[in-house]
Peer 1: 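This structure is in structure tokens; I'll ask about it shortly.
Below, read A as the first sequence line, B as the second, and so on, with proteins coming before strands; counting in each chain starts at 1.
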There are 4 protein chains.
Amino acid sequence: MSAVPQGVVDKREVILRAAGKVIAEKGYHATGIADIARELGAGHGTFYRYFKNKEDIARSLVVRALGQMQDAIADEDPQSSRSLGEYREQVRRIGNKLFDLVVAEPDLARVLFYDAAAIARTDPGVLGSAVENAGAYTAAFIRNGQTRGFVRRELDPQVVGLAVNGMILAGCAQLLHVRDAEEMRTSWIRTVETLMFDGLGGT
Amino acid sequence: MSAVPQGVVDKREVILRAAGKVIAEKGYHATGIADIARELGAGHGTFYRYFKNKEDIARSLVVRALGQMQDAIADEDPQSSRSLGEYREQVRRIGNKLFDLVVAEPDLARVLFYDAAAIARTDPGVLGSAVENAGAYTAAFIRNGQTRGFVRRELDPQVVGLAVNGMILAGCAQLLHVRDAEEMRTSWIRTVETLMFDGLGGT
Amino acid sequence: MSAVPQGVVDKREVILRAAGKVIAEKGYHATGIADIARELGAGHGTFYRYFKNKEDIARSLVVRALGQMQDAIADEDPQSSRSLGEYREQVRRIGNKLFDLVVAEPDLARVLFYDAAAIARTDPGVLGSAVENAGAYTAAFIRNGQTRGFVRRELDPQVVGLAVNGMILAGCAQLLHVRDAEEMRTSWIRTVETLMFDGLGGT
Amino acid sequence: MSAVPQGVVDKREVILRAAGKVIAEKGYHATGIADIARELGAGHGTFYRYFKNKEDIARSLVVRALGQMQDAIADEDPQSSRSLGEYREQVRRIGNKLFDLVVAEPDLARVLFYDAAAIARTDPGVLGSAVENAGAYTAAFIRNGQTRGFVRRELDPQVVGLAVNGMILAGCAQLLHVRDAEEMRTSWIRTVETLMFDGLGGT
DNA sequence: TATGAATGAGCGTTCATTCAT
DNA sequence: GATGAATGAACGCTCATTCAT
């Protein structure tokens, strides 16, 4: 019933996947066009029909990765929570979704954590704005909590956003070095949850 | 003629400084030996008398940077705090010391945040163990708190260590993009403190 | 269905025109098959049905251009002049015809003057023989004049042929850089005529 | 007695010679950096220490060639001749000097006649102005003759300049294809002389 | 010890040519 | 016949490294 023939996938996507795999393995600078060509089983020239140059492949890869992260949590509305409890639930859900993504697409995460910074030296805009956007996104949750009265008013939402994201990033990065991801998932999410909502101290 | 040469600083250190400056500006891969030579006012060959190769300079730079961070907080004993309040004081002091360091040596921080990951692709051990060490260091504070009874026992110290370090890293990275560092210092440290000890909720 | 297809022009000719236009603009080596394809509105492969390769198009272009020059003056019989005056008339007519051709088809001339030499590096025969032929053609006029007694006998007709052609070529090349071609025409033809028949000196 | 050590020649000059040889043989576009390197017995990189890029070598070659032509006839003052006879002498001398140059440095001439036009497509200024300069130089002789009254006043000096240069160029080009250069020299110079000063007709 | 000219492996990129559709 | 996506040989160029001075 579909007009789109099966088995025909976007060629750019196929190339991005191959490039993502090799770059995740060897790193952006150590990866040659020849490596990507070999991985894909195609000639060098084929890339240059779909990407302007090597940097373009890398940037597309980072943009795609950021997009997938955004998509993964797109259905969490920063303004939906009406209580600290509901926000806590959201944090738990978001944490799990990001875990799922990293587990499903480790290449993506590896490129993001190891190479994005280096790539960004050439084109600072891409990553810079992504970090800002992510910070603003988390900040929106905090601001909502402050408006509704269940989050401390003296905190600067933007700063909290960056700090929380820092914890999350550290978790995702760590995930790439762990054997049993599921084992880590629970303890990590509980830790973030506790830090955000309970503090270290107490009973 | 002097057995105690005055004004003779370690040549390695001088080269490291020059390299650090250029790499902080242009990024590791975009920096050529020629750039460092120009910065130092010396011939290319001079480097190869003090460093094995380009990668060696970079790695030494990262190691030195990590060392400086460690030195900055070396006098904070993970086992000294006897109460949550004392630990809170320690966290505040450590935060300020790291801020001081980043403000004093932004090149160092820039290399660490932008290039260390890329450099680590060639020699994963350096950075990997540093992250582990830093995590273990922070974890030691948590473990001390648990032993003394003022930190929740259900938390995994190692995970908390990584999460807290993630927040701190995010802060340092952000610091590099901010005009007025002092303005940011207070709000950032207060945020970390609040997250660690009070939680978002409350009055 | 018609045995005499109307409106069907030789496809080779159409391609040659397109190629001639682009090569005249950008030069042979800077022109890619893609440029010619774009100019023609056809796929790359189409060329390879009509021309063996890129060089073949270029050579055909040069051959065609030389042919057109030859055609333009084909009705001037080297043996028809019976006096210096008649020869002088012929020279004037030939000059005008070549001017007409260059004005009508500047692309052709541009290819000939700028690219033919470079193209000839691969296939020296084409242009070499053309130069020889042109020399021989002009020489035939001289030889006729010598036979009939109105041209100095001590001159080597072949050398005179090449020298005269050199003047004519210089004129055509110059024509491509001039705004008002008609203004140039008279003075150029008069100059060649004077040099050939009167010499610089005298009243 | 010389402060300049013997055997130490300008490296640029050495490279230009090697490049000139190879380019004269194979043509500019067919010549790779590798070919020049092989001819010189040096690495590729060496070129890039002395020339910005391939085009720079080519342009330098053309500029040098043009300079040598200019130098060869530099001591012929366009204003020195006081009579048609003296001018005729000058023309003969200039012709011989250019012949000498082409015979002594055929590579130089080959590059000029075969490749300069193609090179000029990228950088039209170099050759364009050279042609203009050469034309103006020859024109100065004509103008001098007109001022002194021994050259026809109705001729446009500039046009004559280009026409005469056209003859000379044709001669030099021809010289490259001839076995016995000396045999050609006399007949060529006499032909040009006759055309310029006597005309074809007459006894 | 210091130098920087020389090196050449290796890279990213282009583009004439092919051939399955 | 016409197409244009795919190809990969071949190119110009860079830059980390060496070594004669």
Peer 1: Between I119(A) and L127(A), is any pair of side-chain heavy atoms under 4.5 Å apart?
Peer 2: no
Peer 1: Quick one, L40(C) with I15(C), criterion side-chain contact (heavy atoms from CB on, under 4.5 Å). Give me CA distance, side-chain angles, the key distance, then yes/no.
Peer 2: CA-CA 7 Å; L40(C) 190 68; I15(C) 297 175; 3.8 Å; yes
Peer 1: Applying salt bridge (Lys or Arg N to Asp or Glu O under 4.0 Å), run through R17(D) and E105(D) and close with a yes or a no.
Peer 2: CA-CA 10 Å; R17(D) 256 177 208 291; E105(D) 305 244 30; 3.7 Å; yes
Peer 1: Within the structure provided, determine whether F51(C) and L16(C) are in side-chain contact (heavy-atom separation under 4.5 Å).
Peer 2: yes
Peer 1: Given atom OH of Y48(B) and atom C1' of dT3(E), what is their separation to the nearest angstrom?
Peer 2: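 Going from Y48(B) (OH) to dT3(E) (C1'), I get 14 Å.
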Peer 1: Using every non-hydrogen atom in the two residues, find where A24(D) and R110(D) come nearest and quote the distance to one decimal.
Peer 2: O-CD, 3.3 Å
Peer 1: So do the side chains of V126(D) and V63(D) get within less than 4.5 Å of each other, counting heavy atoms only?
Peer 2: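 V126(D) vs V63(D): side chains touch.
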Peer 1: Taking side chain to side chain contact (heavy atoms under 4.5 Å, CB included) as the definition, give me every residue that meets it alongside A37(B), ordered by chain and number, with sequence neighbours left out.
Peer 2: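 Side chain to side chain contact (heavy atoms under 4.5 Å, CB included) check on A37(B) returns H44(B), F47(B).
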Peer 1: Using atom CD1 of I57(A) as one end and atom C1' of dT13(E) as the other, report the distance to the nearest whole Å.
Peer 2: 12 Å
Peer 1: Between which nucleotides of DNA chain F, read 5' to 3', does contact with chain B run, using atoms under 4.0 Å from its heavy atoms?
Peer 2: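 So the outermost contacting nucleotides come out as dA16(F) to dT18(F).
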Peer 1: Please identify each residue that fulfils side chain to side chain contact (heavy atoms under 4.5 Å, CB included) with R121(B), with sequence neighbours left out.
Peer 2: Y114(A), D115(A)
Peer 1: Would you write the dot-bracket representation of DNA chain F, where each base gets (, ), [, ], | or . depending on whether it forms a Watson-Crick or G-U pair under 3.5 Å and with which partner?
Peer 2: .||||||||||||||||||||
Peer 1: Starting from the 5' end of DNA chain E, give me the residue, Y50(D) or Y50(B), whose nearest nucleotide shows up first.
Peer 2: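 In this pair, the answer is Y50(B).
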Peer 1: Any side-chain heavy-atom pair from V131(B) and H177(A) closer than 4.5 angstrom?
Peer 2: no
Peer 1: Under the side chain to side chain contact (heavy atoms under 4.5 Å, CB included) rule, collect the residues that match up with E55(D), sequence neighbours excluded.
Peer 2: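 Side chain to side chain contact (heavy atoms under 4.5 Å, CB included) check on E55(D) returns Y28(D), N53(D), R59(D), T122(D), D123(D).
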Peer 1: Output the residues of residues 26-47 of chain B in contact with DNA chain F, where contact means a heavy atom of the residue under 4.0 Å from an atom of the strand; sort by number or write none.
Peer 2: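 Only T31(B), G32(B), I33(B), H44(B) qualify.
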